[in-house]
Amino acid sequence: MNRKYITIDGIPAPIEGEKNVLDIIRKVGIDMPTFCYYSDLSVYGACRMCVVEDKHGDVFTSCSTPPRSGMELRTNTPRLQQYRKMILELMLADHCRDCTTCEKNNKCKLQEFASRFGLREVRFENLRSGDVRDHSSRSIVRDKNKCILCGDCVRMCSEIQNVGAIDFSYRGSKMEVIPAFDMPIAETNCVNCGQCSAVCPTGAIVVKDDTRQVWKDLNDEHVVMIAQIAPAVRVALGDEFGLPPGSNVMGKIVTALKRMGFDEVYDTATGADLTVVEEAKEFLSRFETGEKLPLFTSCCPAWFKYAENNHPDMLDNLSSCKSPMQMFGSVLKENIRQSGQKKKGTKVKVVAIMPCTAKKYEAAREEFRFGEDQTIDYCITTQELASMIRESGIRFSTILPEAVDMPFGIASGAGIIFGVTGGVTEAVMRYALREESKQYIKAIAFTGVRGFEGVKEAIIPYKEKEIKIAIVSGLANAEKLIQAIRSGDCQYDFVEVMACPGGCICGAGQPFAEHWAKEERADGMYEADRMSNVKISSENPTTDGLYGGLLKGIKAHELLHYK
Amino acid sequence: MSKALSYEKLNEIIANYPVEKPPIVSILQDIQEEYRYLPQEVFPYLSEKLKVSLAKIYGVATFYENFSLTPKGEYIIKICDGTACHVRKSIPILEALRKELGLNQEKHTTDDLGFTVETVSCLGACGLAPVITVNDKVYASMTPEKTVELLNELRKERNHDHQ
């Protein structure tokens, strides 16, 4: 067979369906630098770092060039080296270079490439000065002085999330990535998903850092600090400490938090078990009567905000359940209030460790207050936790794991898989089918709820009927689905929406990961589920105990629902 | 005076264009034609109607020099500063106009919204250099003196219209 191939630096490389030359170059083991190329986003070709030279001496960007059989390309000629250096130099001339105090220090692509390509001086005058940061958002901080105009955030926000809170404005040397009228980002339709910060190669958009306050309270003897750890955190934090992607480091996190000074540490998956029970009850009652269907999940705060912005008429279709973080926070605080454990003069604060930037915003929402305080006092991301661990000096890779605390120390596997797209659905369906055989419940995993596709469908037989399910991640996918539902093209009973493509394991608060590493995280979640001895949320003795005690009567609705 | 914003008028403009992939530039041009600038209130309305993000429309509006987000004067005077006009002394014309109207590099429009003075890079009428236009009417071979004369006539015309 006559195979099609191109030649890269003298080495033949087959064309195997790649859409552009860049993918082939990377396939043959060359780490081609890029700022503006992400396979999930449209090709932009702006940063010019991935330039190649062909045998005629033509120079072009490999990301935006489709492969043609017979191409002979060089990736590292003196001319290309010179071009790349020049591009970097020009970028640095237009960049705030306070690297040592930058949030992205050591994680910045511009810094990495400047080092990799041996840049030792910038010949041009630096045009950036002053502090122009936008601190208005609870979730992200924007710094125009660090923007290299790669447009990754713009395309992420509009193409994947269908939000479009920021875009290019002005022209030429005055071009900026800003919201309309340069208004503060918090006043726009931004949903706080933070995916812009996840793809930003520099410190132009970073996650808001709330670790200072947490440290302050950890060192205050009058504050009792309780931590809850979201499911997705345990399979991603290890990335920051050189552990294999997807490793479950839950036990180590508990140890690290205890050493840092947390008084009690719990698993948000326990809260998720409450969510499953509440949401499943809500769903089944709607399903019986056929009212307000489909039921949309509501645990993703970015999705919730998106629905408020774009589909206010559909809010009744969103579950009235609080998110697992909020449910668990309410239970923790109510427990202390009722039991009178609290010593006089002390204050109890709940810190949630989340894979998510939107949770910071959710924590501050009015409906989630507990008395005068926020139910969740602080919300920090996986990456912030990593930085706290580093700051504390704890050697994460060598510490021994510990178990979470009682009395809320048990979580079901159903609660844990909340961290991956399709997990909420699987957990709710396990509850719905809890009276069926064990094999039947295991079979839910094979109905199409698992996997990384942006839109998944499943049909689950329930009593005499069928439950029609859709699972979407990425808000642009959610929008398409909603339009199909509105037009009557599709009909569903239950719709799970997660704003971040792939679910919480791919949240913007997580360490940055390539696609394969995200799949490892999903596997890590399902492994934790397999290893847990409780598979169905209602069989969790902790939740069972809560419903028999703390949540008895009307308390359950009051504490676990936002309306 | 500038016209009050009418959503009916906006709907009328939008209705002239296809719903799928609406041409933002053409729509903004029509709106600017109507109001002599792009009032801020137009943007959220357009965003909702066209299903295009606010930031995107703002991006288009700020990309093109021709769009203005601040109200422009009744008479828009454009001084050509292309190469031909420049070498035939367009800058003294610009300076004379600015001095006469109390304008400068940052301030392009008089407080009474009577006159806007801006430069353009070439009007494509180099044989007539230096050229200025007043509300798109071309005046050829201008000098600072002739321009001030013209301005005084325009002022008279304006006063007459407002009486």
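Since this is a predicted model, take the numbers as computed values, not measurements. All values below come from the heavy atoms of this structure, side chains included, with hydrogens, waters and symmetry mates left out. Each chain gets a letter, A, B and so on, in the order the sequences are listed, and its residues count up from 1.
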Is V177(A) close to chain B through its backbone or its side chain, or both, or neither, when contacts mean heavy atoms under 4.5 Å?
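Neither the backbone nor the side chain of V177(A) comes within 4.5 Å of chain B.
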If you count heavy-atom pairs under 4.5 Å between each of G172(A), G164(A), A180(A) and chain B, which one has the most?
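Top option by heavy-atom pairs under 4.5 Å: A180(A).
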How many angstroms lie between CZ in F63(B) and CZ in F168(A), if you round to the nearest 0.5 Å?
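Between atom CZ of F63(B) and atom CZ of F168(A) there are 11.5 Å.
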Let me see the donor-acceptor pairs closer than 3.5 Å between chain A and chain B, or none if nothing turns up.
residue: G164(A); atom: O; partner: S53(B); partner atom: OG; Å: 3.3
residue: D167(A); atom: OD2; partner: K56(B); partner atom: NZ; Å: 3.4
residue: Y170(A); atom: N; partner: T62(B); partner atom: OG1; Å: 2.8
residue: Y170(A); atom: OH; partner: Y58(B); partner atom: OH; Å: 2.9
residue: R171(A); atom: NE; partner: F63(B); partner atom: O; Å: 3.0

